[in-house]
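The block underneath contains the structure these notes are about, expressed in structure tokens.
As the structure lists them, so they are numbered: ligands from 1, and atoms in each ligand from 1.
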Amino acid sequence: MTDRRRALPSVDRLLRTAAVAALGADQPRTVLVGAIRRAVDEAREQPQTAPLDDAGWAAAVARALADATTPTLRPCINATGVVIHTNLGRAPLAEAAIEAIAGAARGYGTLEYDVERGQRGSRHVHCADLLTELTGAEDAMVVNNAASALLLALATAAEGGNVVVSRGELIEIGGGFRIPEIMEKSGARLVEVGTTNRTRLSDYERALGEGALGRRGLPRSGGRTARRAPAVARKTSPPERTAILKVHRSNFAMIGFTEEASLEDLVVLARKRKKPVLYDLGGGLMVDLSDVGLTGEPTLREAVRTGATAVVASGDKLLGGPQAGLLIGGASFVKRCRAHPLARAVRADKLTLAGLAATLAIYRDPARARREIPVLRMLTADRAELGERARALAAQLPASAGAEVVETQAAVGGGAFPGTELASAGVAIPSPEPGALAERLRRRASPVVGIVGRRRVTLDVRTVRPGEEAEIVRALAQALG
Ligand SMILES: *Cc1c(COP(=O)(O)O)cnc(C)c1O
């Protein structure tokens with residue numbers, strides 16, 4: 001070992017080696033030198049695997065070069081069956097959206113330019129008309145993501161004041177981000193009401209002050225909370241800066257001894273007290289999917305119809321568009337949001353706006369939306385057709401792979417329709433070391449991400465896009481061969 005280490009070549013000597021120099025033909029010299037350094041460093045750290053000759057060194061440098069030049073963010077094949085897979089980039093886009101984004105990226109555009117007047121325009125016009133047309137809202141704006149839409153709506157409604165929210169809705173939305181922490185960054189103080197499993201309308205009424213208590217015939221004696229909450233609210237909140245927030249439980253379900261105030265009831269209460277109600281819906285569903293068994297998630301139109309001051313949702317979950325945050329609701333409130341200083345900090349870029357507008361335009365024809373928006377197509381895919389695709393994929397694999405067509409349980413993902421499983425189909429590859437097989441499928445220029453089972457790796461075809469099968473076959477041939 002020591003001998004090998006002592007014999008490590010210098011970077012200069014390797015650079016002069018024909019096979020190594022050839023690798024750098026279409027790379028900047030600095031990149032080649034960096035790769036050589038890494039190959040030599042690696043040999044120093046792991047002398048037992050150090051290359052022994054020039055051919056070995058060329059192979060080691062080629063690997064280091066491939067590592068350095070393969071983008072960390074690159075397309076991969078989602079064979080997990082999780083349709084809105086946050087780690088894999090959530091929604092794949094419709095062709096029309098991809099074209100719109102490419103068009104916006106290539107040259108200049110009318111992002112903030114009014115062609116009729118030949119003057120500066122506003123980026124907020126691009127999706128607003130489509131959003132109001134499709135949801136029935138008075139006005140709408142688009143920002144970077146739903147978290148920033150929530151931040152902006154809260155800051156506009158209750159900065160320096162209070163925001164009343166149920167303890168059952170203080171959720172974590174993934175990646176360690178928690179709604180209460182986002183809320184506090186808006187400058188609004190959280191007033192938690194109710195308990196984890198039960199929150200009543202009267203809990204909100206008390207937190208808003210005692211005005212309506214008794215008038216609606218609600219009991220005044222709700223225990224300790226009843227006496228404490230109004231005192232807190234009175235001390236710290238000027239009444240005009242208080243808002244109610246309702247958060248849709250999008251990524252978990254609560255069952256058993258539960259109770260919550262409906263958004264409709266909260267809207268009635270808030271109107272009486274002249275307070276805004278914000279609704280964080282999350283998913284952004286635009287069409288009813290109950291015919292495929294996906295129920296319990298309100299559409300954006302339904303959420304708007306309740307009369308909430310503003311509804312907040314993501315563009316890249318059930319809506320199936322690019323990452324974006326939708327803030328839709330009453331005209332005067334949305335106008336105030338646009339004018340808030342935070343609006344500039346969270347504004348959407350031209351690529352997002354182009355992709356979102358093109359996606360929204362598809363929804364004008366709901367049947368077309370189901371055909372052309374990949375998220376909807378995957379969610380509504382027919383089980384028999386999925387079985388057929390799994391069989392076709394298995395048939396392309398060598399018999400030695402031992403592939404088996406299996407029934408699987410796919411999921412909506414993205415924290416939408418929690419607990420709903422979609423009967424799906426896949427190809428299972430038996431393996432004594434499924435973790436190692438899955439890793440070989442993953443660690444390639446074109447990664448294939450599957451499901452690691454007890455003694456097999458399963459590839460669910462629901463989320464495999466048509467045309468990706470050939471790459472899966474190649475990946476399996478390499479991984480098993
Ligand atoms: C997903 C989600 C968010 C965050 O949405 P992003 O677009 O990822 O910022 C916020 N609230 C709810 C209820 C969600 O489901």
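- Taking all atoms of both residues into account, the shortest heavy-atom contact from A140 to T132 is N-CG2, 4.1 Å.
- Less than 4.0 angstrom separates some heavy atom of K317 from each of these atoms of ligand 1: 1 (C), 2 (C), 3 (C), 5 (O), 14 (C), 15 (O).
- Atom 4 (C) of ligand 1 has I173 CD1, 3.5 Å as its closest protein atom, hydrogens excluded (heavy atom only).
- Not a single N or O atom of A324, backbone or side chain, sits closer than 3.5 Å to an N or O atom of ligand 1.
- Of all atoms in ligand 1, numbered sequentially from 1 with element shown, those under 4.0 Å from a heavy atom of G282 are 12 (C), 13 (C), 14 (C), 15 (O).
- Ranking protein heavy atoms by distance to atom 10 (C) of ligand 1, first place goes to D280 OD2, 3.5 Å.
- Paired with I244 under the rule side chain to side chain contact (heavy atoms under 4.5 Å, CB included), one option of L208, T309, N162 passes, and it is L208.
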Stepwise salt bridge (Lys or Arg N to Asp or Glu O under 4.0 Å) test for R305 and E302: CA-CA 5 Å; R305 199 184 295 140; E302 284 163 352; 5.4 Å; no
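- Of the charged side-chain nitrogens involved, at least one lies within less than 4.0 Å of a carboxylate oxygen, so that D291 and R370 count as a salt-bridged pair.
- Numbered from 1 in the order shown, with element, the atoms of ligand 1 that lie under 4.0 Å from a heavy atom of H248 read 13 (C).
- Shortest contact from atom 9 (O) of ligand 1 to any protein heavy atom: A147 N, 2.8 Å.
- Residues R347 and E112 are paired through a salt bridge, judged by an N-O separation under 4.0 Å between the basic side chain and the carboxylate.
- Close approach of ligand 1 to S314 is summarised as follows: ligand atoms under 4.0 Å from at least one heavy atom of the residue are 5 (O), 6 (P), 7 (O).
- Taking every heavy atom of both residues into account, L263 and A303 meet most closely at CD2-O, 4.3 Å.
- Atom-to-atom distance recorded for D265:CG and S202:OG is 11.0 Å, nearest 0.5 angstrom.
- Among all non-hydrogen protein atoms, the one lying nearest atom 15 (O) of ligand 1 is S250 OG, 2.6 Å.
- The heavy-atom pair separating P434 from G453 by the smallest distance is CG-O, 3.4 Å.
- Polar contact with ligand 1: present for R90 (N/O pair, distance under 3.5 Å).
- Within the 4.0 Å heavy-atom cutoff, R249 does not count among the residues contacting ligand 1.
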